Amino acid sequence: MVRFKNRYVLCEVVSEDPRCRQCIEDRAVSLAVRDAIGRVHGDYGLACCSISFTVKYLNAYTGTVLLRCRKDFYRLLCSALPFVRQLEGRNQRYPCALRTLHVGGTIRTCQKFLIQYNRRQLLMLLQNCTNEEERRCIQKSVLSCSLTEEQPQSGDEDDDDGIE
């Protein structure tokens, strides 16, 4: 059995309108990227990239997009990304651009890069603070963000058969 190798392209949605990020969907990103590939590389490029092209991850709040394509054709995809000029969401068109942050062989390498990238962005944000109050506020908000699992209140949930 043959294993097809893929490349994962980590992108950031850049726009002046903050509503743009919250209204986008993976289908809209996929259509916009396919349209850009078709305009730049024609039918051949579109066919090559469409073989295993998919939007693997989209975070509408941070504007992070993870695209997957075949290893042989990821350069066609990367060269067409700057030509994405608008995304359509909820029957409105938002002007924006896709900026390539990283190209990796696995999703895990892209996740590791994204963590480091966000840390660098946070440091730049902290350096641009004008006073100590702003700095403490940003540090407090970052430190208050944590993911914890909720523990069941009692053992009743474990032996519940769904019968009431």
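Quantities reported herein were computed from a predicted structural model and do not represent experimental measurements.
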Visitor: Same cluster for Val55 and Leu46 if Ile/Leu/Val/Met/Phe/Trp/Tyr side chains link at under 4.5 Å?
Guide: yes

Visitor: Which atom pair, heavy atoms only, marks the closest approach of Phe83 to Arg39?
Guide: O-NH2, 3.2 Å

Visitor: Minimum heavy-atom separation for Leu87 to Ala28, with atom names?
Guide: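 Residues Leu87 and Ala28, closest heavy atoms: CD2-O, 4.0 Å.
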
Visitor: Consider only side-chain N and O atoms of Arg34 and Ser50, and report whether a donor and an acceptor are under 3.5 Å apart.
Guide: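 Ser50 and Arg34 do have a side-chain donor-acceptor pair below 3.5 Å.
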
Visitor: If every non-hydrogen atom of Leu58 is compared with every non-hydrogen atom of Asp26, which pair is closest and at what distance?
Guide: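 Taking every non-hydrogen atom into account, CD2-N, 3.3 Å.
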
Visitor: Suppose the criterion is salt bridge (charged side-chain N to carboxylate O under 4.0 Å, His left out): which pairs have a residue in residues 98-107, not counting sequence neighbours?
Guide: Glu12-Arg99

Visitor: May I ask you to check if Arg70 and Phe4 form a cation-pi contact, with NZ or CZ under 6.0 angstrom from the six-membered ring centre and within 45° of the axis?
Guide: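 So Arg70 does make the cation-pi contact.
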
Visitor: Rounded to the nearest 0.5 Å, how far does CG of Leu77 lie from SG of Cys69?
Guide: 4.5 Å

Visitor: What distance separates Leu98 CG from Leu10 CG, expressed to the nearest 0.5 Å?
Guide: 11.0 Å

Visitor: Would the number of heavy atoms belonging to other residues, nucleotides or ligands and lying under 6.0 Å from CD of Glu16 be above 12?
Guide: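 Atom CD in Glu16 is not packed in, count stays at 12 or less.
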
Visitor: Nearest 0.5 Å please: distance from the CZ atom of Arg120 over to the CG atom of Leu125.
Guide: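 Rounded to the nearest 0.5 Å, the CZ-CG separation comes out at 15.0 Å.
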
Visitor: Going hydrophobic residue to hydrophobic residue with side-chain gaps under 4.5 angstrom, can you get from Tyr117 over to Tyr57?
Guide: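 Result: yes, single cluster for both.
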
Visitor: Examine the side chains of Arg75 and Ser79 and answer whether a donor and an acceptor come within less than 3.5 Å of each other.
Guide: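 No, because no side-chain N or O of Arg75 sits under 3.5 Å from a partner of the opposite role on Ser79.
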
Visitor: Verify side chain to side chain contact (heavy atoms under 4.5 Å, CB included) between Cys78 and Val103, making sure each step is shown before the conclusion.
Guide: CA-CA 9 Å; Cys78 290; Val103 177; 3.9 Å; yes

Visitor: Measuring from atom CZ of Arg108 to atom OG1 of Thr106, what distance do you get when rounded to the nearest 0.5 angstrom?
Guide: 8.0 Å

Visitor: How close do Glu134 and Asn131 get, heavy atom to heavy atom, and via which atoms?
Guide: N-OD1, 2.9 Å

Visitor: I'd like to know if the side chain of Arg27 and the backbone of Ile24 have a donor-acceptor N/O pair within less than 3.5 Å.
Guide: no

Visitor: Take Val9 and Leu66, measure what side chain to side chain contact (heavy atoms under 4.5 Å, CB included) needs, and give me the verdict at the end.
Guide: CA-CA 6 Å; Val9 180; Leu66 187 66; over 6 Å; no

Visitor: Could you see if Tyr8 belongs to whatever hydrophobic cluster contains Leu101? Use Ile, Leu, Val, Met, Phe, Trp, Tyr and a side-chain cutoff under 4.5 Å.
Guide: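 Yes, one cluster joins them.
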
Visitor: Apply salt bridge (Lys or Arg N to Asp or Glu O under 4.0 Å) to Glu88 and list each qualifying residue two or more places apart in sequence or on a separate chain.
Guide: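 Partners of Glu88 by the salt bridge (Lys or Arg N to Asp or Glu O under 4.0 Å) criterion, ordered by chain and then number, come out as Arg93.
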
Visitor: Which heavy-atom pair separates Cys96 from Ser15 by the least distance, and what is that distance?
Guide: CB-CB, 3.6 Å

Visitor: OG of Ser52 to CZ of Phe73: how many Å apart, nearest 0.5 Å?
Guide: 9.0 Å

Visitor: Under a 4.5 Å side-chain heavy-atom rule over Ile, Leu, Val, Met, Phe, Trp and Tyr, are Val13 and Phe53 clustered together?
Guide: yes

Visitor: Hey, does Leu76 have a side-chain heavy atom less than 4.5 Å from the side chain of Cys48?
Guide: yes

Visitor: Would you compute the distance between atom CD of Gln86 and atom CG of Asp35 and round it to the nearest 0.5 angstrom?
Guide: 9.0 Å

Visitor: Decide if atom CD of Gln121 counts as having more than 12 heavy atoms of other residues, nucleotides or ligands within a radius under 6.0 Å.
Guide: yes

Visitor: Please lay out, stage by stage, how Asn6 and Lys71 fare under the test side chain to side chain contact (heavy atoms under 4.5 Å, CB included).
Guide: CA-CA 5 Å; Asn6 295 312; Lys71 179 183 176 184; over 6 Å; no

Visitor: Verify, without hydrogens or angle tests, whether Asn128 (side chain) and Met124 (backbone) share a donor-acceptor contact under 3.5 angstrom.
Guide: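 Here the side-chain-to-backbone pair exists.
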
Visitor: So, for Leu67 and Cys11, which heavy atoms are closest and what is the spacing to 0.1 Å?
Guide: CD1-SG, 4.1 Å

Visitor: Does Val40 share a hydrophobic cluster with Ile37, counting links as ILVMFWY side-chain heavy atoms below 4.5 Å and allowing steps through other members?
Guide: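 The answer is no; the residues belong to distinct hydrophobic clusters.
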
